[in-house]
Amino acid sequence: MAANRLKTITQHLTVSPEGFQGGLKVTAVPRSGGLSSVPTSHEFRYTVDGGVLTHQQRKFYEENGFLVIKNLISHDKIDVYRQYFEDICRGEVTVPGLTIMKDISLLKSKANLPKDSSSVTKIQQFQDDPVLMGYCADPEVLQYVESFSGPNISVVHTMLINKPPDPGSKTSRHPLHQDMYYFPWRPVDRVVCAWTAMEHVDRSNGCLVVLPGSHREGVIKEHGYPQWEGGVNYLYHGILDFDEKSPRVHLEMEKGDTVFFHPLLIHGSGMNRTKGFRKAISGHYFQTDSTIIDVTGTVQEKAQRETVEMFLKKGKLPKDHPLNKMSMKELAFVITEGRSRVVRGKPAGLQY
């Protein structure tokens, strides 16, 4: 059974506070290609030498595309993030550049939504907030990230997810997808997601489900909006063609447990069938000298266009604004540069 192959390594670590380099600016340096600047051994492709991972952990990640570390983040820190999230939802805290997402079923209801966390399903792009970025720059997280991305690390696509109780429309589901589908930078194998459970998560409240080893196929599959009767949340694209019989592992986790997974790993989450909200916090990490590519004409183009449209709509820019005249690749660079922050090592510069 695939579930029996899931090996977790218990960690009891003391977390010490450390600042982050949120103010560092990344700049464009012309360079072609998307090769990794970090050396790896012949035995391992998806992890780098010199990190904290044991040989057994590296082999598990190489084969399966994910690795769960138990008790990585202290409960005290998670409680701070939870309270801060509530403060944001009530309008008591304003975070620059933040995107607040709400479930499509709530928006369709046209009801007067309460100004609290019960109407918010996700907040994104908190790269300019020192409290929530405390998670993304936490040294306990970064010591593991370095094993996947190398020593010079940027974080992007920061999120705190507040999966709501399903209203009966099944819109609390997240279709099976690959995160790399949304990311216009390379190299792929130096990208990793850190996803931390902020409370107990299991199949009843919609834990993550992964297809072990699916990252090894090495391709970004075609995605689109699934034809679900209740509708699908914006940008919740799913893989259109995959083997329904593929073995799956449901990642049941406790508060503070953290899973690291490859951006090509097929994963998603089920409905939240409980009365409570399921919270998690996450960020995606990549090499500081990663290269932006042009996704025009590829399976990634649809997601990139929707991302660009959301970005331009949020900015409420006039038609003659220079951003409205940029190419997809140029806008991808601007968006990535604006939403990413160096959290460890040298700010080598995002490549174009």
Side-chain angles (χ1 to χ4, degrees), residues 26-28 30-35 97-101 104 122-127 154-159 161 174-193 215 217-226 232-242 261-268 282-317 319 321-341 349-352:
V26 290
T27 57
R31 193 187 78 174
S32 63
L35 298 176
L98 189 73
T99 298
I100 298 177
M101 309 289 287
I104 188 173
K122 183 190 298 184
I123 59 173
Q124 298 182 142
Q125 286 94 51
F126 53 72
Q127 66 277 347
S154 289
V155 66
V156 73
H157 196 49
T158 52
M159 297 186 295
I161 305 158
H174 196 150
L176 290 172
H177 64 282
Q178 297 166 298
D179 287 346
M180 204 67 219
Y181 168 71
Y182 297 97
F183 300 155
W185 57 79
R186 300 296 185 269
V188 173
D189 292 335
R190 299 285 73 81
V191 180
V192 69
C193 177
H215 67 302
E217 191 172 339
V219 297
I220 301 173
K221 294 180 176 292
E222 186 175 358
H223 290 58
Y225 284 110
V232 186
N233 288 304
Y234 192 62
L235 274 171
Y236 274 34
H237 296 186
I239 293 175
L240 298 180
D241 182 25
F242 65 94
F261 59 89
H262 191 278
L264 291 180
L265 182 75
I266 298 174
H267 67 287
S282 72
H284 285 80
Y285 298 85
F286 62 102
Q287 290 181 172
T288 58
D289 62 347
S290 290
T291 301
I292 295 293
I293 66 166
D294 186 358
V295 300
T296 304
T298 74
V299 295
Q300 294 184 255
E301 181 175 355
K302 183 176 181 180
Q304 189 61 34
R305 287 197 179 278
E306 288 194 17
T307 299
V308 165
E309 288 169 4
M310 179 184 288
F311 173 77
L312 295 175
K313 183 178 180 180
K314 186 177 180 180
K316 298 180 180 179
L317 304 173
K319 290 184 179 180
H321 192 281
L323 285 175
N324 284 319
K325 301 176 182 180
M326 286 186 175
S327 67
M328 285 273 288
K329 183 179 179 182
E330 290 169 331
L331 281 167
F333 179 88
V334 170
I335 293 171
T336 305
E337 184 185 45
R339 293 176 175 177
S340 62
R341 294 293 181 268
L350 194 63
Q351 311 297 308
Y352 183 78

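Any value given below was found using the heavy atoms of this structure, including those in side chains, with hydrogens, waters and symmetry copies removed. No experiment lies behind these values; they were computed from the predicted model shown.
Annotation for Leu264 and Val219: closest pair CD2-O, 3.8 Å, computed over non-hydrogen atoms. The two residues Met101 and Thr99 come nearest to each other via the heavy atoms SD-CG2, 3.6 Å. Considering every non-hydrogen atom in both Ser290 and Pro187, the closest pair reads OG-CD, 4.1 Å. Looking at every heavy atom in both residues, Leu176 comes nearest to Gly268 through CD2-N, 3.6 Å. Nearest heavy atom pair, residue Gln300 against residue Ile220, reads OE1-CD1, 3.3 Å. The minimum heavy-atom distance linking Gln304 with Pro184 is given by the pair OE1-CG, 3.6 Å.
Residues His177 and Tyr182 are in side-chain contact: their nearest non-hydrogen atoms beyond the backbone lie under 4.5 Å apart. Contact check for Lys302 versus Glu306: side-chain heavy atoms found under the 4.5 Å cut-off. Proximity of Ser340 to Phe286: side-chain heavy atoms (C-beta onward) are separated by under 4.5 Å at one or more points. With contacts defined as side-chain heavy-atom distances shorter than 4.5 Å, the pair Ile239/His223 qualifies. His157 places a side-chain heavy atom less than 4.5 Å from the side chain of Gln124. Two residues are said to be in side-chain contact when any heavy atoms from C-beta on lie closer than 4.5 Å; Lys329 and Ile292 meet this criterion.
For the pair Lys221 and Tyr181, the cation does not sit on the ring face, since its NZ or CZ is not both under 6.0 Å from the ring centre and inside 45° of the axis.
A distance of 10.5 Å separates OG1 of Thr298 from CD of Glu222, quoted to the nearest 0.5 Å. Atom CZ of residue Phe311 and atom CG of residue Leu323 lie 5.5 Å apart, to the nearest 0.5 angstrom. For the atom pair OG of Ser154 and CZ of Arg339, the computed distance is 15.5 Å after rounding to the nearest 0.5 Å. Once rounded to the nearest 0.5 Å, the distance linking CZ of Arg190 with OG1 of Thr288 reads 13.0 Å. The line from SG of Cys193 to CG of Leu265 is 10.0 Å long, rounded to the nearest 0.5 Å. Atoms NE2 and CE, from His321 and Met326 in turn, are 8.5 Å apart once rounded to the nearest 0.5 Å.
The pair Lys313-Glu309 does not meet the salt-bridge criterion, since no charged nitrogen lies less than 4.0 angstrom from a carboxylate oxygen.
In this structure, Phe333 and Tyr352 have perpendicular ring planes: the angle between them is above 60°, well past the 30° mark.
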Note to self: What verdict does the side-chain contact (heavy atoms from CB on, under 4.5 Å) test give for Gln178 and Ile266, after you've listed the backbone C-alpha separation in whole Å, the side-chain angles of each residue and the deciding distance to 0.1 Å?
What the structure shows: CA-CA 5 Å; Gln178 297 166 298; Ile266 298 174; 3.9 Å; yes
Notebook entry, point to check: After noting the C-alpha distance and the side-chain angles of His267 and His215, does the key distance pass the side-chain contact (heavy atoms from CB on, under 4.5 Å) rule?
Noted result: CA-CA 10 Å; His267 67 287; His215 67 302; over 6 Å; no
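Under the 3.5 Å distance criterion, the side-chain polar atoms of Lys314 are matched with a main-chain donor or acceptor of Gly97.
In summary, the side chains of His262 and Asp179 do not present any donor paired with an acceptor at a separation below 3.5 Å, with no hydrogens or angles considered.
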